[in-house]
Amino acid sequence: MCTVPGMSIGHTLLGLLESGPRHGYDLKRAFDEKFGHDRPLHYGQVYSTMSRLLKNGLVEVEGVEPGEGPERKRYAITEAGITDVRRWLATPEKPEPYLQSTLYTKVVLALLTNRNAAEILDTQRSEHLRMMRILTDRKRKGDLADQLICDHALFHLEADLRWLELTAARLDKLAAEVAR
Amino acid sequence: MSGEGGHLPDRAKSRAWGRSRDLGMGVRFAFTGGREGWVRAVLTAVGVGLGVALLLLTAAIPNAMGMRDDREEARHDIGLVFHQENAETKQSDRTVVVANSDTQYQGKEVRGRLMEPEGPRAPVPPGVEKLPAEGEMLVSPALAELLKSDGGKLLVERLPYRVVGTIGESGLIGSRELAYIAGVDGLAKRINGSTVGRIERFGNPEDQPGRSMDPVLLLLVLVVLVVLLMPVGVFIATAVRFGGERRDRRLAALRLVGSDSRMTRRIAAGEALAGSFLGLAFGTLFFLMGRELAASVEVFGISVFPDYLTPTPALALLIAVAIPASAVLVTLFALRGVVIEPLGVVRSTKPARRRLWWRLLLPLGGLALLLPMIGQGADNGPFNEYQVTGGVVLLLVGVTALLPWLVEAVVARMGSGSVAWQLAVRRLQLSSGSAARMVNGIAVAVAGAIALQMLFAGADSAYTEVTGKDVTRANMEVGLPDGSRVSAAVKDFEQTKGVSEALGLSSVSVGDRRKDPESSVGMTVGTCASLREMAKISSCRDGDVFMTESPEDPTALTMVKPGRTLWVEPSYSGEDPGAEIPWTPPGEVKKVAERADSLRPSLSGLLVTRAALPAKVEPLLYSSVYLRLDPSVPDATDRVLNTAAAFDPLTDAWVWESTSRSGEYQSIRTGLFVGSACVLVLIGASLLVSQLEQLRERRKLLSALVAFGTRRRTLSLSVLWQTAIPIALGLVLSSVVGLTLGAVLLRMTNIPVSVDWASVLSMTGIGAGVVCLVTALSLPPLLRMMRPDGLRTE
Amino acid sequence: MMPAGSLLAATDLRKAYGPTTALDGAEFSIHPGEVVAVMGPSGSGKSTLLHCLAGIVTPDSGSILYNDREMADMTDAERSALRRSEFGFVFQFGQLVPELTCVENVALPLRLNGISRKEAERAALSWMQRLEVDDLKGKRPGEVSGGQGQRVAVARALVTNPRVLFADEPTGALDSLNGERVMELFTEAARSTNAAVVLVTHEARVAAYSDREIVVRDGRSRDMERIV
C-alpha cells in the first residue's frame with residue numbers, strides 16, 4: 001500500500017508548496033517524509049510532475065540556485081495552484097477500495113495548509129454513505145446474488161467509513177504529529 | 001494454596017483455612033459497599049436484634065414469674081391458707097399479730113400490713129430486719145418515692161406513720177410494688193381470722209404444689225409471645241435476604257475471577273453470619289436496655305426487678321447458636337433455586353405451580369391442635385402449653401404458607417383494567433412469590449394482633465359483667481369493722497371533700513325463735529333517708545318498720561305478725577351461740593315495694609329504722625356506708641379512703657365499678673397495639689428496601705416507558721397496585737386467620753365469641769397505612785429514576 | 001434558519017449535564033416521510049439530540065419547532081401526550097416490559113392513549129403481522145430472541161401511526177442479518193405511513209437506510225446534504 005497514485009502526486013506537491021516556495025529536492029524529501037514511507041518518490045517523478053504543473057500555470061520558478069542539476073530550481077505555487085488544491089481537497093473521492101492513501105494525503109495536506117481536515121472526512125463519509133444507500137437500495141430490490149454482491153461492497157465501504165470515523169477521532173493527534 | 005499438595009493433613013488444613021477465608025470474605029462484604037451496604041447491614045442487624053431481644057425476654061419470663069411466686073410465698077402471712085386455725089394461734093413471745101390494711105391509691109393497689117409483735121422473738125417478714133415500732137413504718141422504694149412526690153400528699157395523710165426504712169427487695173415481688181409495713185398497738189383484740197390474725201412465722205406453712213397460673217392468663221402470655229415473635233421471625237428471614245440481588249451479582253463477579261460455587265455459597269453464608277452476629281450484639285443491647293426499662297414499667301399490675309429477667313443460660317446459648325445458624329440456612333435456602341454463573345445469575349427454571357394441599361395442612365393442623373381444648377379453660381384445668389403454642393404457631397405459619405398460593409391464584413385470575421393495573425398484575429403474575437414474601441411479615445403480624453385483640457376484648461368484657469354494681473346509685477362502699485359506729489362514720493364522710501352524699505346501712509338477721517329458728521330474715525337498718533334507697537317508702541319516721549313484698553320469698557310475711565317476739569341473732573346448735581336478743585316489732589309493719597335500683601338489690605326482708613331496735617342490737621350490726629361522690633372532685637376516692645383509714649385503719653373500702661379490670665386490659669391492648677404497629681413499621685422498612693432494590697433494577701425500563709409518553713401517574717399507580725394487591729390479599733387472609741384464631745381462643749376460655757371490629761379495622765388499617773407509606777416513600781426515588789438519564793446508554 | 005416545510009426542526013440547541021457539554025449549538029430539521037440518520041462518535045451528543053428533539057430532555061437553550069409549535073412552550077404533560085400520540089420510539093434494548101406479553105407490549109402506547117384493550121390489541125396484532133412477529137403474541141419478551149424482540153419494539157413504535165419515529169441504535173444489540181431485517185421492515189413501514197424517522201446510529205450500514213445523514217461532533221451538528 002501507501003504509494004500515492006500518479007494522478008494525485010501533482011496535487012500533493014502543490015499542497016506542499018502552499019506553505020512556502022521550495023526546491024525540488026526539498027519537495028521530494030518533504031513528500032517522502034509525510035507520504036512516501038516505504039516507497040520514496042523518484043527524482044524523475046518530481047521533475048516531470050513539476051514541469052507539467054509549470055506548463056499548466058499552477059507553479060512558477062522563483063529562482064535558480066547556482067550549481068549543477070535541475071534540483072536547484074526553487075518552485076512557488078500560483079493563485080491558480082491554490083485554487084486547484086482547494087478544489088481537489090473538497091471533492092470527495094469516488095468510493096473504492098484502498099482509498100485511504102489518497103484520503104490520508106488529503107487530510108495531511110489539509111492539516112499542513114491549515115484547512116479544515118474534518119470537513120474532508122465528513123464530505124468523504126457523505127459520499128460513501130451515498131454509495132451505500134444506492135447499494136442498499138439495489139440490494140433491497142435485487143435477488144440473492146445481487147444481495148450478496150452488494151453486501152460485499154457494503155462491507156468494504158463500511159470498513160472505509162470506520163476508518164474515516166477513526167481518523168476523524170484522531171485528527172488532533174495527527175495535526176500535532178504533522179506540525180512537527 | 002500450598003504448593004505441596006501431597007500430604008493429606010496439609011491439604012485438610014489448607015481447605016479449612018480456605019473455608020474460613022471464604023467466610024471472612026463474606027463478612028467483609030457485608031460491611032463494605034458504601035452507604036447502601038451499611039444501611040443494609042444495620043437494617044438486618046436491627047431486625048435480627050429485635051428478634052433476639054424478644055427471644056431473650058421470652059427466655060427470661062419463666063424465671064421472672066418463678067421469682068415472683070417464690071417471693072410471694074415467702075412473705076405469706078394471713079389469708080385464705082390460715083383461716084380459722086390462724087385465729088387460734090396462742091399468744092407467745094414468738095408471735096406477731098398481722099392485719100391486712102391493703103388500700104388503693106390513685107387506682108393502684110397498695111399492699112398494707114399492720115403488725116404488732118408480741119415478744120422479742122416475733123418473726124419478721126422477708127426484706128425486713130426489724131419490725132417497725134408503733135407509729136412507724138417501712139415502705140417499698142416505689143412507695144417511698146410516691147410519698148415524697150407531690151402526687152403522694154393524700155397518701156401521706158392516709159398513712160399516719162413515720163417512715164423509718166425501706167422494705168428490702170426480698171420482701172417485694174416487683175420493682176414498682178407499693179407496699180408498707182406499719183407498727184401498731186392493740187391489734188390482738190381485733191383478731192378475726194380473716195383480715196387480722198396471729199402468726200408464728202411468715203411463708204407458706206406447707207410446701208404447696210406450685211400454684212399454676214390462671215389458665216386464661218397463661219394463654220394470653222403464650223399467645224402474646226407467639227404473636228410478637230412470629231412476625232419477627234418472618235422479618236429475620238426477610239432481613240437476611242436484604243440486598244440479595246446485588247449480592248448475587250457480586251457473587252457472579254467472584255465466580256468470574258475463579259471461585260467455585262461452593263466458595264460463593266460460603267461467602268454468602270459469611271455475609272449472613274456477619275449480619276446475624278451484629279444482630280445478636282444489637283439484640284443483647286436491646287435486651288439489656290429493655291431489662292432496665294422493665295424495672296420502671298408495670299404491666300397488669302406486675303412489675304419485675306431487672307435481675308429477675310435473666311434468661312436461663314441454656315436458652316440464651318440456644319439463641320446465640322440458633323440465630324446465626326438459621327440466618328445461614330435461610331440464605332442457603334434462598335440460594336437453592338439460584339445458579340450463580342460467572343457471567344451472571346441464573347434463576348432455576350420456572351418453579352412448579354404452588355400446591356394448595358400441604359399449605360392447607362399447616363393451619364388445619366393448628367386448628368386440630370387447638371379445637372380439642374375448647375371449653376377447657378375456665379374451670380376445667382390448665383391448657384397444655386405446648387399444644388397451645390404449637391397450634392397458634394401452625395395457624396400463623398399457615399398464613400405464610402397460604403399467602404403465596406393465594407397471591408398466585410388470585411393474581412392469575414385478575415384481568416383487564418387500566419394500564420397501571422395491567423403492569424402491576426402482570427408483574428405480580430411473574431413474581432408472585434417475592435411479592436408474597438414481602439408481605440408475609442405484615443400478614444402474620446396482623447393475623448396475630450387481630451386474634452389477640454379479640455381475646456383481650458373478650459376477656460375484658462367477660463371480666464366486666466360480673467360486678468353488677470350500679471355506679472349511678474353509689475360510687476363507693478365502705479365496710480365498717482365496728483358496725484355500731486355507723487352514724488359517726490356517716491358524719492365523718494359527709495364532711496369529706498368530694499362526697500355529695502353518705503348513707504349508712506347496717507344489717508343483722510332475725511329469726512322466729514331464740515334457738516334454731518324455723519325461719520329467719522335479714523333486717524336492714526338505717527335512717528329513713530337511707531332506707532328510701534332500697535324501697536319506695538312514702539312516709540317514714542324514726543321508729544317505723546317496713547317489710548318488702550317479695551312474692552318469691554314470703555318468709556317475712558309469714559314470720560312477722562303484730563306483737564310477735566322475734567330474736568335478733570338466734571343461736572344454731574353446733575355453732576357458737578348468737579346474741580339472742582328479743583325484739584318485738586312495733587304495731588304496724590308497712591308493706592313497701594322494693595326499688596328497682598335498690599342499693600342492695602333483691603334483698604327481701606325487714607327495713608328497720610334505728611329507733612325501732614333496742615340499743616343492745618347495735619354491736620351486732622354489720623355496717624356499711626354508701627357514698628356518692630362529686631365527679632368534679634378528681635381525688636374524691638382517695639379522700640374517702642383517707643377518711644376511712646382515719647376512722648379505722650381496718651375499714652374495708654371499695655370503689656364501685658361497672659367495668660372491673662377494664663383499665664388494665666385497656667393498657668395491655670394499647671401496648672399490644674403499639675407493639676404490633678412497631679413490628680409493622682419495621683416490616684414496612686424492609687418492604688421499602690426491597691421495593692427500591694426492585695425499582696433500581698428496572699431503571700432503564702422506567703426511563704423508556706416515560707420516553708414514549710407514559711404518564712408518571714400511571715407508573716406510580718402501578719407501583720402502588722403492585723404493593724397494594726398482595727397486601728390486600730395478605731390482610732384479607734390474615735383477617736380470616738386472625739378471626740378464626742381469636743374465635744377458637746375465646747371458645748377455649750369459654751368466653752362468648754364476639755368480633756372486635758374496631759381492632760380488626762385498626763390493625764388492617766395500619767397494615768394498609770404501611771403500604772401507602774412505603775409507596776409514598778418510594779415515589780421520590782421512582783420519579784428520579786424515571787428521568788431520561790436512565791436512557792443514556794453508558 | 002429553518003428549511004421550509006420541515007416537520008421537526010431545531011436551531012442552536014445547547015445542553016450541558018453538569019460540567020459536560022452534550023450539545024453546543026446543534027441544528028436539525030426533518031420533513032415528513034424523510035429518514036435522517038444522526039451519526040457521530042460515541043459521546044458526541046447524538047442521543048442527547050434525539051432526547052431533546054423528542055421532548056424527553058429540555059435543552060438549556062435553543063428552539064425546537066414541531067409542526068410550527070415551540071416545544072419549550074409546552075408543559076411536561078403536553079410533551080408527554082405528544083410522545084404518546086405523535087411520536088414513536090425504538091431503543092437499543094430494555095424497552096419492552098418483561099412482564100407483559102409481546103402483544104400487550106405493542107398495544108401499550110395505544111392503551112396509554114386511552115384506547116380499549118381489545119381494540120388496542122387488535123391494532124397491535126396487525127402491526128406485528130407486518131413485522132412478521134405475530135406468532136409471538138402470547139410470549140413474554142424474555143422468551144423471544146433479540147431480533148424478534150426488536151421487531152416487537154418496532155411494531156410498538158409504529159402502532160400509534162406516529163408522525164415522527166425516533167430510533168436510538170435500534171440494531172445495536174443485533175447481528176448484521178437481524179439488524180438489516182429490522183431496519184428494512186422499519187424503514188419500509190415508516191415510508192408507507194409517511195412518518196419522519198430520526199435514526200441515531202454509529203453503524204454505516206444502518207445509516208445507509210436513511211435519506212441523508214447528520215453528523216454530530218463535539219455537540220455540533222453538520223447537515224451533510226446541504227454542504228455537498
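What's counted below: heavy atoms across the whole structure, side chains too, no hydrogens, waters or symmetry copies. Just so we're on the same page: letters track the sequence lines, and every chain starts at 1.
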- Message: Other residues, nucleotides and ligands only: do more than 12 of their heavy atoms fall within 6.0 Å of CZ on R14(C)?
- Response: yes
- Item | Pairing of R125(A) and E213(C) as salt bridge, 4.0 angstrom limit | no
- Query: Got more than 12 heavy atoms from elsewhere within 6.0 Å of CZ, R191(C)?
  - Reply: yes
- Message: Does D172(A), at its CG atom, have more than 12 non-hydrogen atoms belonging to other residues, nucleotides or ligands within less than 6.0 Å?
- Response: no
- Task: Check the surroundings of atom CG in D218(C): do more than 12 heavy atoms from other residues, nucleotides or ligands lie under 6.0 Å from it?
- Result: no
- Inter- and intrachain pairs under ring-ring contact (aromatic ring centres under 6.0 Å, His included), touching residues 161-205 of chain C, at least two apart: F87(C)-F166(C), F89(C)-F166(C)
- Item | Over 12 non-hydrogen atoms of neighbours within 6.0 angstrom of CD in E79(A) | no
- Less than 4.5 Å apart, any side-chain heavy atom of L154(A) and any of E180(C)? no
- Measure the spacing between CD of E158(A) and OG of S176(C) and express it to the nearest 0.5 Å. 8.0 Å
- Note on the structure: chain A shares the most heavy-atom pairs under 4.5 Å, among A37(C), P41(C), G40(C), A207(C), with A207(C)
- Query: Looking at M132(A), K139(A), M131(A), which makes the most heavy-atom pairs under 4.5 Å with chain C?
  - Reply: M132(A)
- Nearest heavy-atom pair of R133(A) and S210(C): which atoms, and what distance? NE-O, 2.5 Å
- Which heavy atom of A208(C) sits nearest a heavy atom of L129(A), and at what distance? N-CD2, 4.0 Å
- Item | Rounded distance (nearest 0.5 Å) linking atom CG of L135(A) with atom CZ of R205(C) | 12.0 Å
- Task: With sequence neighbours excluded, tell me which residues meet salt bridge (Lys or Arg N to Asp or Glu O under 4.0 Å) with R22(A).
- Result: none
- Is it the side chain or the backbone of D137(A) that comes within 4.5 Å of chain C heavy atoms, both, or neither? neither
- Query: How many angstroms lie between CE in M183(C) and OG1 in T136(A), if you round to the nearest 0.5 Å?
  - Reply: 10.0 Å
